[in-house]
Structures are given as structure tokens and as C-alpha cells.
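Take a look at the structure set out below.
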Amino acid sequence: MMKIRAYLSIFFLVVLGSFLFTSCQSCERTKEKKHAVSVAKLKEVQRQLKISIERYEVDFFAVSNDNFVEDLKKLQKKYPFFLEGDLDDVRNQRQLWSYLNDPLIKEIYELTMKKYPDLNDLTAQFREAFSYYSTYFPEEKIPHIYTYVSGLDYEMPIKLMDSILVIALDMYLGANYKYYNELGIPQYVSSRFQKEYILPNCFSEISYLHSSNPKTCVTVLDHMIYEGRRIYFTEMMLPN
């Protein structure tokens, strides 16, 4: 019995060693692949890219109470995605007025602006990431990027619809932001509500466009492979 156990221990050690060796080789191959795009190629693509981030929250909270409806109608032309309802409808006016003048929303907006007075560095990061994206997928369109204050929409901080990518900046105010805890968000989730996770989360969302339909996943292994592909896609777009 002792001999059998000893043989089994040796067998499992050999299997584990083979797995780790294969994994390390796979990691090295992945690193090589992630940096396979030449710097010259990336710079060429970057020169052709026009990346900008439109800040809906800044324009929305600049709306005047005295010319509320008129200002909203002007904004509607620039941000039809956010203001798609009938602005002559009193119910829509009241809803937007309540949101704009809500003390909690105002506090969140002020904290968001303090955290993100400008998005220059984020724009530069998007430009680099989308240069990889355009290299790997030259036929794909680069989405228009918008930010807003969602009122703590922790379930969907990033939204991708058609060619529009929307970022809820108030969901990236830092892991220790008081309202995350008050909402009962687990710490392992709120620990990722930080600036450095904006780009990975965005490209994780974009990965859905290049992954097989999750409805075809039947087994646990199917789901693992599906999620693994999404992680691999994100790593390829953000090799650094």
C-alpha cells in the first residue's frame, strides 16, 4: 500500500512538473506574440487614428437652470445617445431636472471631476491600445468614446452599443470610495473600481465582438474556454 502511494505521488509530481513546464513555455510564446507588432507599424497606425473622448457629464452639468430645456436641446444634437427622448415631454424634463439637481448626484459629479479633471492620459492609452486593435482588425471601426456620471451603475460601468463605447467614470473613483461599500458591493469587486482598470474593462467588453456566442457554451469547459479567449484578446490589445 505504501509503495502504491509512493508511485502515485511520483506520478502526480511528474504530471504537475510537465504542466508547469508547458505553461511556462506557453507564457513565453504569449509574450512573444503580444509584442510581435513592430513599433514602426504601430506608429504608422497611430498617425491615422483619431481618438477623442467626449465628456457628456461636463456638458450636462453645465446646463443652466434658467434655460434648462433650450440647453438640453442643444446637447441632444451632440449626445443623441444620452438624450434620445422627447425633450418637450414634461415628464422627461422633470426626470432630467431631478437628476441634475440631486444632491447625491452633484456630490458624485464633483468627486468625479476632482478625480478626472482631464482625460489626456486616458486618451493616449486608448490611442495606443486601438493601434493594436486596428493592426489586428483593420476592417473594424474604432468606437466613439463617451464618459458620463451614471449614478453608481456598478452592474454595467462599461457599455458598448454599435460604434459607441460609454464609460461611467463614477465607477472608477477608487477602491475605498465610501458609496461602493454602502451599496454592498463586495470588496473583491470594488477593488477594481480604479483608474487602471478602465482600459482593460473597455477591451474586455469589446472582446464580445470577437468571441463565439456564449449561448453555444454547454459545459463548464466551454465557458472556461470562452472566457479565456476574452482574456487573451484583452491581453493582445494591452500588451504592456
Side-chain angles (χ1 to χ4, degrees), residues 34 37 42 45-62 75-85 99 105 108-109 111-113 115-174 177 180 189-190 192-214 226-227 229-240:
K34 283 162 68 175
V37 181
L42 288 174
V45 173
Q46 283 186 26
R47 282 195 294 268
Q48 299 173 2
L49 288 178
K50 294 181 180 179
I51 304 296
S52 63
I53 303 176
E54 299 290 343
R55 303 197 64 172
Y56 170 71
E57 73 280 2
V58 174
D59 289 340
F60 179 73
F61 282 92
L75 274 188
Q76 191 175 46
K77 296 177 182 178
K78 185 177 180 180
Y79 302 103
F81 174 79
F82 292 98
L83 298 168
E84 57 185 358
Y99 186 84
I105 297 298
I108 294 171
Y109 169 70
L111 287 170
T112 301
M113 290 304 299
K115 178 76 173 180
Y116 300 99
D118 65 68
L119 299 177
N120 296 333
D121 56 340
L122 190 60
T123 302
Q125 292 171 25
F126 267 115
R127 183 174 290 107
E128 181 181 1
F130 276 121
S131 66
Y132 281 94
Y133 184 72
S134 293
T135 300
Y136 289 117
F137 304 98
E139 302 301 321
E140 293 291 336
K141 292 182 178 180
I142 303 299
H144 298 286
I145 308 171
Y146 297 90
T147 60
Y148 79 123
V149 168
S150 67
L152 303 177
D153 182 5
Y154 62 90
E155 293 184 344
M156 292 189 70
I158 305 294
K159 296 182 177 69
L160 178 66
M161 282 166 269
D162 297 326
S163 59
I164 295 176
L165 182 65
V166 182
I167 303 166
L169 285 181
D170 55 322
M171 291 313 303
Y172 296 95
L173 295 176
Y177 180 50
Y180 297 156
V189 176
S190 62
R192 294 173 178 266
F193 291 162
Q194 304 185 67
K195 186 177 183 178
E196 58 264 33
Y197 287 98
I198 293 178
L199 232 66
N201 287 356
C202 286
F203 278 91
S204 178
E205 199 67 23
I206 293 172
S207 73
Y208 283 116
L209 301 176
H210 304 280
S211 304
S212 57
N213 191 333
Y226 174 77
E227 294 300 333
R229 284 174 175 166
R230 292 185 58 219
I231 293 172
Y232 182 74
F233 170 90
T234 304
E235 287 182 347
M236 293 296 285
M237 300 305 113
L238 305 167
N240 297 314

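Keep in mind the model is a prediction, meaning the values are calculated, not measured.
- For the side-chain contact (heavy atoms from CB on, under 4.5 Å) criterion with Ile206, the lone passing option out of Leu160, Ile158, Asn201 is Leu160.
- Contact detail for Val58 and Tyr109: the closest heavy-atom pair is CA-OH, 3.8 Å.
- In this structure Tyr177 satisfies the side-chain hydrogen bond (donor to acceptor under 3.5 Å, both in side chains) test with no other residue, sequence neighbours excluded.
- The line from CD1 of Ile108 to NZ of Lys115 is 15.5 Å long, rounded to the nearest 0.5 Å.
- The neighbour count for Glu196 CD, taken as heavy atoms of other residues, nucleotides or ligands under 6.0 Å away, is above 12.
- Counting only heavy atoms from C-beta outward, the side chains of Ile167 and Tyr172 approach each other to under 4.5 Å.
- Looking at Tyr136, its side chain never comes within 3.5 Å of a backbone N or O of Phe233 through a donor-acceptor pair.
- Ring pair Phe61/Tyr99 is tilted by interplanar angle, where 30° to 60° counts as tilted.
- We find the CG-CZ distance between Leu119 and Phe126 to be 9.5 Å, quoted to the nearest 0.5 Å.
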Take Asp59 and Tyr79 through the test side-chain contact (heavy atoms from CB on, under 4.5 Å) and record every step on the way to the result. CA-CA 10 Å; Asp59 289 340; Tyr79 302 103; 2.5 Å; yes
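- Across Pro138 and Thr135, no two heavy atoms sit closer than the pair CD-O, 3.7 Å.
- Side-chain atoms of Tyr146 and Ile53, non-hydrogen and from C-beta on, never get closer than 4.5 Å to each other.
- Classification of the Tyr56-Phe82 ring pair by plane angle, with boundaries at 30° and 60°, yields parallel.
- Around CZ of Phe81, the count of heavy atoms belonging to other residues, nucleotides or ligands within 6.0 Å exceeds 12.
- Closest heavy-atom contact between Gln194 and Gly174: CG-CA, 4.1 Å.
- Aromatic ring centres of His210 and Tyr133 lie closer together than 6.0 Å.
- How far CE of Met113 is from CG of Asp118: 9.0 Å, rounded to the nearest 0.5 Å.
- A donor-acceptor contact shorter than 3.5 Å links the side chain of Gln76 to the backbone of Leu83.
- In this structure, the side chain of Ser204 does not engage the main chain of Pro200 through any donor-acceptor pair within 3.5 Å.
- Expressed to the nearest 0.5 Å, how far CG of Leu169 lies from OG1 of Thr147 amounts to 4.5 Å.
- Cation-pi geometry between Arg230 and Tyr208 is met: the NZ or CZ atom falls under 6.0 Å from the ring centre, inside 45° of the normal.
- Glu140 is linked by a salt bridge (charged side-chain N to carboxylate O under 4.0 Å, His left out) to nothing, counting only residues two or more places apart in sequence or in another chain.
- At distances below 3.5 Å, not a single donor-acceptor pair connects side-chain atoms of Asp162 with backbone N or O atoms of Ile164.
- With sequence neighbours left out, the salt bridge (charged side-chain N to carboxylate O under 4.0 Å, His left out) criterion links Glu128 to no other residue.
- Taking the salt bridge (charged side-chain N to carboxylate O under 4.0 Å, His left out) definition, one finds that Asp121 meets it with Lys195, sequence neighbours left out.
- Here Gln125 contributes atom CD and Cys202 contributes atom SG; the two are 10.5 Å apart, rounded to the nearest 0.5 Å.
- In this structure, CD1 on Ile145 lies 6.0 Å from CG on Leu165, to the nearest 0.5 angstrom.
- Residues Phe137 and Met237 approach most closely at CE1-CE, 4.1 Å, considering heavy atoms.
- Every residue two or more places apart in sequence or in another chain was checked for a salt bridge (charged side-chain N to carboxylate O under 4.0 Å, His left out) with Glu205, and none qualifies.
- The aromatic ring centroids of Phe193 and Tyr180 lie less than 6.0 Å from each other.
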Working for side-chain contact (heavy atoms from CB on, under 4.5 Å), residues Ser134 and Ile142: CA-CA 8 Å; Ser134 293; Ile142 303 299; 3.4 Å; yes
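- A donor atom on one side chain and an acceptor atom on the other are found under 3.5 Å apart for Ser150 and Asp170.
- Here Lys159 pairs with Tyr148, Asp153, Met156, Met161, Val166 under the side-chain contact (heavy atoms from CB on, under 4.5 Å) rule; sequence neighbours left out.
- Counting heavy atoms from C-beta outward, Tyr232 and Ser207 have side chains that stay 4.5 Å or more apart.
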